[in-house]
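All figures in this text were calculated on a predicted structure; none of them were measured in a lab. Side chains are part of it too, since the values below use all heavy atoms of this structure and drop only hydrogens, waters and symmetry mates. Atoms within each ligand, like the ligands themselves, are counted from 1 in listed order.
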Amino acid sequence: MGKKLCLNCKKSFNMSSQDLKGSNFKCPECGNQSIAITHRFRPPKLDDNRRWDVVRFLVKHGFKYQHISIFEPDRHAIPRFIGYAPYPENMIDAIEFVERYKEQALVRS
Ligand SMILES: [Zn+2]
């Protein structure tokens, strides 16, 4: 089950089954368009603007807190899955993260 996130109010809301059916992504508080995000997303504190900048940056680049897989390269075989990458919490790590995992970014629909 997903959530919707309003970057305007800096709040996330659980999606109701009705939201999912009608793809109603309006923020219940301000009416702005919110975005669908996975339930794994944990919103930073409201006044933590640095963390919110990181969230905006990641979302803009197609990282909506979906699982990002880490593969161990293997020259002789298919790369081996070794786990999921933790989402970055500061901008320096976020820039590196986006670059490293850009092939797993969600394509804007
Ligand atoms: Zn809102």
(request) Spell out the protein N/O/S atoms under 2.8 Å from the Zn ion (ligand 1) as residue plus atom name. (result) Cys6 SG, Cys9 SG, Cys27 SG, Cys30 SG

(request) State which residues pass side-chain contact (heavy atoms from CB on, under 4.5 Å) with Glu103; sequence neighbours excluded, sorted by chain then number. (result) none

(message) Is there a continuous path of hydrophobic side-chain contacts, each under 4.5 Å between heavy atoms, that joins Ile92 to Val59?
(response) no

(message) For Arg100, give me all partners under side-chain contact (heavy atoms from CB on, under 4.5 Å), at least two apart in sequence or on another chain.
(response) Glu96

(request) Locate the shortest heavy-atom distance separating Gln104 from His67; write the atom from each residue and the value. (result) OE1-O, 4.2 Å

(request) Would you tell me whether Tyr84 and Gln66 have side-chain atoms, one donor and one acceptor, within less than 3.5 Å of each other? (result) no

(message) Suppose clustering is done on Ile, Leu, Val, Met, Phe, Trp and Tyr with side-chain heavy atoms closer than 4.5 Å. Which residues sit in the same group as Phe13?
(response) none

